[in-house]
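Just so you know, these numbers come straight off a predicted model, no measurement behind them.
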Amino acid sequence: MADLKSTFLNVYSVLKKELLEDPAFEWSPDSRDWVERMLDYNVPGGKLNRGLSVIDSYKYLKEGKELTEDEIFLTSALGWCIEWLQAYFLVLDDIMDSSHTRRGQPCWFRLPKVGLIATNDGVLLRNHIPRILKNHFRDKAYYVDLLDLFNEVEFQTASGQMIDLITTLEGEKDLSKYTLSLHRRIVQYKTAYYSFYLPVACALLMTGENLNNHVDVKNILVEMGTYFQVQDDYLDCFGAPETIGKIGTDIEDFKCSWLVVKALEICNEEQKKLLHANYGKADPANVAKVKALYHELNLQGVFADYESKSYEKLIASIEAHPSKAVQAVLKSFLAKIYKRQK
């Protein structure tokens with residue numbers, strides 16, 4: 001795995017070098033330095049799970065056949081396109097949320113001299129993806145399908161972000177609109193498509209598959225992405241900050257979290273009043289009251305029940321799939337996230 005990661009990081013260096021010499025633009029030393037610094041700060045710093053998943057998925061689909069150097073390079077390049085997409089979303093997301101830190105360092109827009117130039121950097125990150133695809137996939141039969149896939153998933157993610165943002169509008173804090181179906185729609189569009197479906201769809205296209213024949217795979221992966229986000233919502237409140245790497249703020253931020261939706265479903269009128277009075281307030285005393293209510297309602301038990309039922313349902317759906325190779329891809333994804341602590 002460590003070896004795969006170093007190979008993957010080498011491909012980043014190749015792609016970055018190509019982008020910094022893109023003949024469509026007349027580079028100056030200042031512009032090249034800026035873009036290089038911006039890329040190094042925002043693209044390779046995460047866990048790289050999404051990008052590495054493209055290589056893993058492709059390996060499973062090739063059923064154990066040794067990958068050629070070319071196949072490793074191309075699957076890595078597609079993996080990096082997903083990491084670039086992620087970087088683009090996060091740079092803009094942090095500005096929208098007025099966030100302070102990301103991946104243990106200040107958000108890009110918080111750096112001296114960066115500020116709102118970060119919005120244009122986000123646009124640049126987005127534009128690098130078709131440059132990479134053009135450089136390496138233009139002669140492939142699936143080139144147009146790749147472009148189409150990235151465009152569609154980007155649209156779905158931006159639309160999910162939009163529902164999330166308009167749901168938490170300042171001055172319109174209304175818990176009564178928070179339902180399981182709203183939570184599911186936000187999660188499905190904002191997270192599941194690009195984090196779970198996109199890596200597998202890239203690998204399927206590379207093996208010559210038509211994505212229209214794999215709607216069942218998409219549905220299973222979106223279901224998995226939903227389960228992943230519910231875990232995230234749970235860990236935001238009940239996870240140890242030293243394990244998850246951040247201090248959760250869903251309660252203060254008035255997020256349409258799975259926990260608040262479940263609480264609203266099961267609490268009595270008195271408890272509902274307490275939730276309405278304290279949810280979405282930054283004061284630690286208000287947050288403590290919400291957390292105490294979550295304990296009172298035994299949301300830890302409710303989550304444990306949800307987790308085991310989701311797992312059983314996902315395993316049943318995966319095992320119903322006719323292809324053993326596709327089953328292996330899906331099971332590898334599930335194994336990475338089941339009962340995770342961070």
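For the atom pair CH2 (Trp34) and CG (Leu124), the distance works out to 10.5 Å, reported to the nearest 0.5 Å. Interatomic distance, Asp40 CG to Ser13 OG, rounded to the nearest 0.5 Å: 8.0 Å.
Side-chain contact between Lys218 and Val222: present, with at least one pair of heavy atoms (C-beta onward) separated by less than 4.5 Å. Using a 4.5 Å heavy-atom cutoff, the side chains of Leu297 and Val302 are not in contact. For the pair Gln229/Gln188, no side-chain contact is recorded, criterion being any heavy-atom separation below 4.5 Å from C-beta on. Between Leu182 and Val261 the shortest side-chain heavy-atom distance does not fall below 4.5 Å.
Remark: the backbone N or O of Gly301 is not paired with any side-chain donor or acceptor of Asp305 at under 3.5 angstrom. Remark: the backbone N or O of Trp27 is not paired with any side-chain donor or acceptor of Ser31 at under 3.5 angstrom. A donor-acceptor contact shorter than 3.5 Å links the side chain of Trp80 to the backbone of Phe8. Looking only at distances, no side-chain donor or acceptor of Asp236 sits under 3.5 Å from a matching main-chain atom of Asp232. Not one N or O on the side chain of Glu21 forms a donor-acceptor pair closer than 3.5 Å with the backbone of Glu18. For Lys281 (side chain) and Ala277 (main-chain N/O), a donor-acceptor pair under 3.5 Å exists by modelled atom type. A donor-acceptor pair under 3.5 Å is formed between the side chain of Ser257 and the backbone N or O of Leu259.
Using modelled atom types and a 3.5 Å distance limit, the side chains of Asn213 and Glu209 yield no donor-acceptor pair. Under the 3.5 Å distance criterion, with hydrogens and angles disregarded, no donor-acceptor pair is assigned to the side chains of Ser28 and Asp30. When only modelled atom types and interatomic distance are considered, Gln231 and Glu307 share a side-chain donor-acceptor pair under 3.5 Å. Defined by atom type and a distance below 3.5 Å, a donor-acceptor pair is present between the side-chain atoms of Asp121 and Trp108. Side-chain N/O atoms of His183 and Trp258 include no donor and acceptor closer than 3.5 Å. Judged purely by distance below 3.5 Å, without hydrogens or angles, the side chains of Asp93 and Tyr88 never pair a donor atom with an acceptor atom.
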Thr68 vs Asp70, side chain to side chain donor-acceptor pair (under 3.5 Å): CA-CA, chis, key distance, verdict
CA-CA 5 Å; Thr68 65; Asp70 190 47; 5.3 Å; no

Any chance you could lay out the ring-ring contact (aromatic ring centres under 6.0 Å, His included) test for Tyr306 and Tyr311, step after step, and finish with the verdict?
CA-CA 9 Å; Tyr306 164 84; Tyr311 183 77; over 10 Å; no

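Taking the six-membered ring for Trp, Tyr12 and Trp84 have ring centres closer than 6.0 Å. Tyr234 has its ring centre less than 6.0 Å from the ring centre of Phe303.
For CG of Leu116, the number of neighbouring non-hydrogen atoms (other residues, nucleotides, ligands) closer than 6.0 Å is 12 at most. The neighbour count for Lys336 NZ, taken as heavy atoms of other residues, nucleotides or ligands under 6.0 Å away, is above 12. Annotation for Glu270: atom CD does not count as buried by contact number, only 12 or fewer foreign heavy atoms lying within 6.0 Å. More than 12 heavy atoms of other residues, nucleotides or ligands lie within 6.0 Å of NZ in Lys177, so this atom counts as buried by the packing criterion. Sparse packing is recorded around OH of Tyr189, with 12 or fewer heavy atoms of other residues, nucleotides or ligands lying under 6.0 Å away. By the neighbour-count criterion of 12 heavy atoms within 6.0 Å, atom CZ of Phe25 is densely surrounded, having more than that number from other residues, nucleotides or ligands. Other residues, nucleotides and ligands contribute at most 12 non-hydrogen atoms within 6.0 Å of the CZ atom of Arg185.
Between Ala325 and Tyr60 the shortest heavy-atom distance is CB-O, 3.5 Å. Across Asn42 and Arg103, no two heavy atoms sit closer than the pair O-NH1, 3.0 Å. Scanning both residues, Cys256 and Ile186, for their nearest heavy atoms gives CB-CD1, 4.1 Å. Here the closest heavy-atom approach between residue Leu330 and residue Met224 is recorded as O-CE, 3.6 Å. Nearest approach of Lys255 to Asp164, heavy atoms of both residues: NZ-OD2, 3.5 Å. Across Pro106 and Tyr41, no two heavy atoms sit closer than the pair O-OH, 2.6 Å.
Contact check on Glu154 versus Arg126 returns a salt bridge, with a Lys/Arg side-chain nitrogen under 4.0 Å from an Asp/Glu carboxylate oxygen. At a threshold of 4.0 Å, the pair Glu312-Lys309 does not count as salt-bridged, since none of the basic side-chain nitrogens sits closer than that to a carboxylate oxygen. A salt bridge between Glu83 and Arg50 is absent, with no side-chain N of the basic residue lying under 4.0 Å from a carboxylate O of the acidic one.
Applying the side chain to side chain contact (heavy atoms under 4.5 Å, CB included) test between Asp145 and each of Leu205, Asn212, Leu211 identifies Leu205 as the sole match.
Leu299 and Leu180 fall within a single hydrophobic cluster, where Ile, Leu, Val, Met, Phe, Trp and Tyr are joined by side-chain heavy atoms under 4.5 Å apart, directly or via other members. Leu90 and Leu92 fall into different hydrophobic clusters, defined by Ile, Leu, Val, Met, Phe, Trp and Tyr side-chain heavy atoms under 4.5 Å apart, directly or through other members.
Aromatic ring pairs are classed by plane angle as parallel below 30°, tilted from 30° to 60° and perpendicular above 60°; the pair Tyr227 and Tyr338 is tilted. A tilted orientation is assigned to the rings of Tyr294 and Phe238, their planes being inclined by 30° to 60°.
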